[in-house]
Amino acid sequence: MKAFAVAVLAAVALAVGASFLLGANQKYAYEAFSTSGARVSHPGTNLVGPRWTGDVTGPADGHKATTGS
Amino acid sequence: MARMKFLCDADRCIECNACVTACKNEHEVPWGINRRRVITLNDGKPGERSVSMACMHCTDAPCAAVCPVNCFYTTADAVVLHSKDLCIGCGYCFYACPFGAPQYPRVGNFGSRGKMDKCTYCSGGPEADLSTIEYEKYGSNRLAEGKLPLCAEMCSTKALLAGDGEMIAQIYKERVIKRGYGSGAWGWKTAYRETIAI
Amino acid sequence: MRQPSHLGTLAMAALVWASVGLTQPAHAVNAPDGAPNPTASSVNEDLLFRQAPTIGGRVSIPDAKAANLIQPQGREWRDFRESWLPWIGGLAILGMIAALALFYFTRGRIRLEHSEESGRKLLRFNGFERFTHWMTATCFIVLGLSGLNYIFGKRLLMPLIGPDAFAALSQWAKYAHVYLAWPFMLGVVFMLVVWVRDNIPNRIDVQWIRQGGGFLGDQHPHAERFNAGQKVVFWMVIGFGFAMSATGLVMLFPFAATDINGMQIVQGVHALIGVVFIAAILAHIYIGSLGMEGAYDAMGSGEVDLAWAKVHHDLWVKEQLAKTASGPQLGRGQVPAE
């Protein structure tokens, strides 16, 4: 039973360790597929980028909110 | 309802990449993700041709079939869309897609490749039409406004055609008959199991 | 007979050649208004597909995958994944469960005979061996279930719990699959290191197989630390474990090692080996728990009854007892150093 408990704990610990190690080496598409001339910060998870306010006043005005701010 | 399709007339495409830029700008597509791209075949040789390619919104779409969480759906216009809330970023749709349309925010497959992104035929996602949340996740919804995809609308040589499959096939047919040649509707056989008979 | 047919072929070839030569210019070189046809030397889909199974070119995007224009092999991979794999996987796993159930209900458990209980205990697996086994085993169960979820989840589980709950579950299953793969790979390597010495096939195994592992005839066949059946399980785990690791690593780093068609093949191999591996391990779980009385103790407490060991692993017991009492015969609760 002790060996089993240690085994489960070790498996979880190794999995968590692997997740951090791999996460640190995870490349984002904006890093991997941009060239040195591209000034890309962290685009975030949405399409619209970090400066997006969500301020949509009318239909299809979404893109104007980012350029206006 | 219309059966929406894309058609790239390779004899007109000049590889200006305006469709790519239009798509990127319209939907605020981040770096590294290309919903549309222009591929040049036989580059630099006689008979070079360029083809603008994105999701073809296939009949019986392979991406939808292989998705392990069934996050794809087909709209009444036969546009293939997906839900970014359900997507687990497994990468299977890219293996199945004949056109390399699915794009992922992350390169490695550790944990997840992130929510898949692809051409929406400018018609958003499962959220309410023209809502903020829809715009954030999928970009603008031009179809809901009665407009066609921007890439095709602003194509300077009208090489890229979007709209009802029969109508764009008719336009292409007329062109081919008028000018006497045509290299065919690229990808139609693979996407729609049919080609344009002239 | 030969002469005319040969002539006929020649004539046909000449005719085809002539017709091609005659029709092509009229068709392709000039437009209706007589202008030269700019597509006379251009590429088209049919031509390119005749040259290669995929069509690719050049893109200005720094992503090599984007240069693929059409890869119809995606359709074949989809056929494999959606039409073949669920059947192969379902038949392999359900078939194994049915076979085990049939065996259980017709032959029953392999009981401990009275003579197999002596009260004296013998250490069979030390702490590190049990740790290695259980780390690999728990990872395998999670990997197996989350792997099957990719195939059967949307068919069986999704209708029951709804798309949102299923997507959340699948997301966590995916995290578990890709991260628990690492302790699993480590466990397979550990297993190879600690057990390979006792798993080299030899002549005793031939005799063991000839006697059907004790099912044929009334004499229990000789066996060392591991009998031929256990050796098969060991080498199966090592072989499949390494194959799953290699294909899994290729999929963890997509397109680092191979292109799109390579990824499809690797995924197919991973899935096929996976379902066979799961089916085989089901049999291993059965024989180690329900199927044979007394077998579980070896991996549970690590100690087996001396009399049981004398029947099932006689040569190993002889060897252990020869090592004197200071060797592997430990009192309860003592865990030896690895």
Side-chain angles (χ1 to χ4, degrees), chain A, chain B residues 20 22-35 37 84-85 87 89 91 94 100 102-120 122-125 127-147 149-150 153:
Chain A
M1 198 57 211
K2 209 177 107 198
F4 180 75
V6 173
V8 172
L9 285 176
V12 172
L14 280 167
V16 171
S19 79
F20 281 111
L21 207 69
L22 291 169
N25 290 309
Q26 175 74 282
K27 258 193 160 178
Y28 288 84
Y30 65 80
E31 298 167 335
F33 303 132
S34 64
T35 46
S36 56
R39 289 173 202 138
V40 195
S41 54
H42 290 275
T45 50
N46 290 331
L47 292 180
V48 285
R51 287 169 65 205
W52 165 248
T53 58
D55 235 352
V56 185
T57 43
D61 267 356
H63 49 291
K64 281 171 197 150
T66 41
T67 48
S69 65
Chain B
V20 178
C23 174
K24 284 228 152 202
N25 207 55
E26 176 71 4
H27 304 294
E28 302 283 351
V29 180
W31 261 96
I33 292 184
N34 281 277
R35 290 183 172 187
R37 63 200 194 279
K84 286 195 180 183
D85 297 322
C87 173
F94 191 89
Q103 307 280 302
Y104 306 91
R106 290 172 206 157
V107 177
N109 203 359
F110 328 134
S112 166
R113 300 198 64 190
K115 305 295 182 187
M116 187 273 279
D117 191 80
K118 74 169 190 71
C119 161
T120 63
C122 284
S123 57
E127 276 83 4
D129 280 349
L130 305 170
S131 61
T132 309
I133 188 97
E134 183 194 47
Y135 183 80
E136 280 181 7
K137 286 182 188 163
Y138 307 97
S140 68
N141 190 341
R142 290 171 55 89
L143 233 62
E145 298 166 355
K147 301 168 187 166
L150 191 62
E153 289 267 293

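Chain letters run A, B, ... following the sequence lines, proteins first and then strands; every chain starts at 1.
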_Could you check whether atom OH of A/Tyr28 has more than 12 heavy atoms from other residues, nucleotides or ligands sitting under 6.0 Å from it?_
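Count not over threshold, so no.
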*asked:* For A/Leu22 versus B/Phe110, what's the shortest heavy-atom pair and its separation?
replied: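 Looking at all heavy atoms of both residues, the closest pair is O-CD1, 3.4 Å.
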*Give the minimum heavy-atom separation between B/Val107 and A/Ala32, together with the two atoms involved.*
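Smallest heavy-atom distance, with atoms named: CG2-CB, 3.4 Å.
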*Against chain A, label B/Asp129 side chain, backbone, both or neither, depending on which of its atoms sit under 4.5 Å from a heavy atom there.*
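The answer is neither part of B/Asp129.
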*To the nearest 0.5 angstrom, please state how far the OH atom of A/Tyr30 sits from the CZ atom of B/Arg106.*
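Answer rounded to 0.5 Å: 9.5 Å.
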*Quick one: what part of A/Ser34 sits under 4.5 Å from any heavy atom of chain B, side chain, backbone, both or neither?*
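Both the backbone and the side chain of A/Ser34 come within 4.5 Å of chain B.
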